[in-house]
Amino acid sequence: MFSANAVLAALRSSIRVLQWGMLAIVVAYLCSGITIVKPNEVGLIVRLGQALPTVHQAGLLFALPLPFDKVISVPGKSVQEINLDDWSASQGDMDMPTLHPIRDPYTLTGDANIIRARFVARFQVSDPFAYAFAAKDRESVYRQILYNSLTLALAQMSVDNALTTGKDLLAEQTRNMAQAKLDALGLGIHLIAFEVRNINPPSQILQAFQDVVSARVEALTFVEHANAYRASTIPDAKGRAYQIEQEAKAYADNIKAEAEGKADSFKALVTQYTLHPALLKVRLYADMLQEILPKIRISTVMPMPTTQAPIRLLLSPAKADSIESPSNVESSPTQPSPLDNDELSLPQNSDQ
Amino acid sequence: MNKSYLLRLTIGFFVLIVFFLALTGFQVPQGESAVVTNFGKPIRVINQPGFFFKWPWPFESVSLFDTRLNVFEIRISEALTRDKRNIIVPIFVLWKIVDPLKFLEALGSMENAVNKLDTLVGSAKNTLLGSYEFSQLVSIDPAEVRLDELEKKILSATASQAAVSFGIQIEQIGIKRLTLPEVNTRYVFQRMTAERAQFAARYRAEGRQKAAQITARTNTEKTLILSRANKDAEEMRGKAEAEAARIYAEAHNQSPDFYKFLRGIEVLKKSMNANTTLVIDTNSSPFDLLKRPPVLPPKT
């Protein structure tokens, strides 16, 4: 059994512990308002419901405990991103021949074509108070405004433009329009960038679009082939032209040289001729006969006294079997040739 | 003893104050408004944030209203343009409570507000869409597109009623997308496919045409180059022949008789060949030698 004194002492000491505990709780409560503001954030104090006008930078922030002060952290310096993927995600079957207006969201381009796309917007807080207190569900407000600006920009753009060269223009227009609307609503954010992640025709007709791309490539190929043909043909023709001219030049040079040579030799002969005209003529004549007679068949007719039949002499370079050929026999048609055996053949013995 | 009594008294006083404040004070947070009602009857509207007092419950109670920007999309419905084309234009509304008392009296809750706004804006949208041509909604000519104007018209058609009847300010109305009824997309796809096929055909044809032009130009140039070369060559040959003729003429002129003789000999040399048969009288030289051999003078 414990004595009454002991119980009383125990009670007293536990009350002391309790007192210290109470004090600790009070101190902890009083310090509970002290907050650390992170480097990329700024802190706002809402005192009794009302926002104080000071923007607290990163570091320790001494605020009052809870029912009095509430600290709101705003990501004042970091760049935030909004992904706009609604128009690309198709929950329906991709093989469906149609698009459902709610399940497969899309918008129309200026030429009433359908496109699917993904975008990303980056923004920074420009006014922490407006950012914190202007809108209830701020991100969905931003989204609506961005989609709205995109729709308006695309509604005046052709699909070809939007898919190719107009992408930057689209992003630029959307950014400007959305920024103006955000400013008009006083939402306190600044759009740093707006990008087109990808933009495509719907999968149902992708094939047709790809065919246009390959048609472009093919068209270029045709032209390339033609250019290649041109690149080889023109030099070839020039080469051929050069050759023709060179041949002509060679021919010209040649006949001129020949003419000169012949003229010179003629002149030399003329010199001889003036000295001994008759002699030269005889010599040339004899040379000629010497040259041509071995080549040809010659029938020589010997004029006899009228009582005698003519004797035919055949000088022929022809081969043995052609000797008896009748053409040789008939070569002197005016004179009858009763004596065949009178024929005398003198075979050609050399070519000289 | 005295000291601890004082402490207890202070603590007790504090507790009393906290209790009192909890019963009678209330905060209106930033971004909200409050309506204080006396047995359900609104007696005060507080439009700024801060700490305020009221009589404790059940005498007075407080309703808080979020006055920040709200967003909602109205129900999707098909509409007709003036040129009778079906179109679905999803629209969103950015709105906020500006008159909490009116809002409390007319609508009471957010769901109610959204339903009322949906009806109000939805019908205004469908009516106004009927006064626009399809080409005023989408067109590649930016001057023709009037979506901006349509948004503003819907806004002005609904803003005053929302403000007067519901205490709501419609800040902005925006077109979220432009969409067609599902069945129509099939035709759009057909049209787009046909359009693409046309483009593809055009590109191919243009490429072929360009290639043909290049080829034709190349061939023309080639012909030109060759014919010019041939012409030059002809000229060169002609000149050379003329020159040769001049040279011959100049030489032959020295003795035309001899030239004639020489030519004759040359012609004979060239024209006589194996097929030629010559019949010659032995009286002619030198064959006369056959008949009359040279005779040596008789020895004496």
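Residue numbers start from 1 in every chain, and the chains themselves are labelled A, B, ... in the order their sequence lines are given, proteins ahead of strands. Side chains included, hydrogens not; waters and symmetry mates left out as well; all remaining heavy atoms used.
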The interface call for K70(A) against chain B, heavy-atom contacts under 4.5 Å, is neither
If one checks every heavy atom of A132(A) against chain B at 4.5 Å, the contacting part turns out to be backbone
So, the part of Y285(A) with a heavy atom under 4.5 Å from chain B: the answer is both
With chain B, the option among V46(A), V212(A), N227(A) that has the most non-hydrogen atom pairs under 4.5 Å is V212(A)
Under 4.5 Å to a heavy atom of chain B? For M288(A) that would be both
Heaviest contributor of heavy-atom pairs below 4.5 Å to chain B, chosen from A252(A), S140(A), A112(A), is A112(A)
Applying a strict 4.5 Å limit to non-hydrogen atoms, the region of P202(A) in contact with chain B is side chain
Cut-off 4.5 Å, heavy atoms of chain B, and the answer for E218(A) is side chain
Turns out that what part of F133(A) lies under 4.5 Å from chain B's heavy atoms comes down to both
Counting heavy-atom pairs under 4.5 Å with chain B, the top scorer among I145(A), V223(A), L154(A) is V223(A)
Note: vs chain B, highest number of non-hydrogen pairs under 4.5 angstrom among V141(A), N113(A), I205(A) is N113(A)
Okay, E241(B) and chain A: the region with an atom under 4.5 Å from a heavy atom over there is both
In this structure, CD1 of I140(B) is separated from CE of M157(A) (nearest 0.5 Å) by 12.0 Å
Hey, does the side chain of D111(A) reach the backbone of V159(A) with a donor-acceptor pair shorter than 3.5 angstrom?
yes
Q.
Can you confirm whether the side chains of N148(A) and Q172(B) place a donor and an acceptor under 3.5 Å from each other?
A. no
So, the part of T109(A) with a heavy atom under 4.5 Å from chain B: the answer is backbone
So, the part of F209(A) with a heavy atom under 4.5 Å from chain B: the answer is both
In this structure, CZ of F68(A) is separated from CD1 of I45(A) (nearest 0.5 Å) by 14.0 Å
Okay, A134(A) and chain B: the region with an atom under 4.5 Å from a heavy atom over there is backbone
Is it the case that the side chain of D104(A) and the backbone of H100(A) share a donor-acceptor pair, with hydrogens and angles ignored and the cut-off at 3.5 Å?
yes
Bottom line for L185(A): the part with an atom under 4.5 Å from chain B's heavy atoms is side chain
Applying a strict 4.5 Å limit to non-hydrogen atoms, the region of L150(A) in contact with chain B is neither
Most contact-rich option vs chain B, by heavy-atom pairs under 4.5 angstrom, among D253(A), V217(A), D160(A), is D160(A)
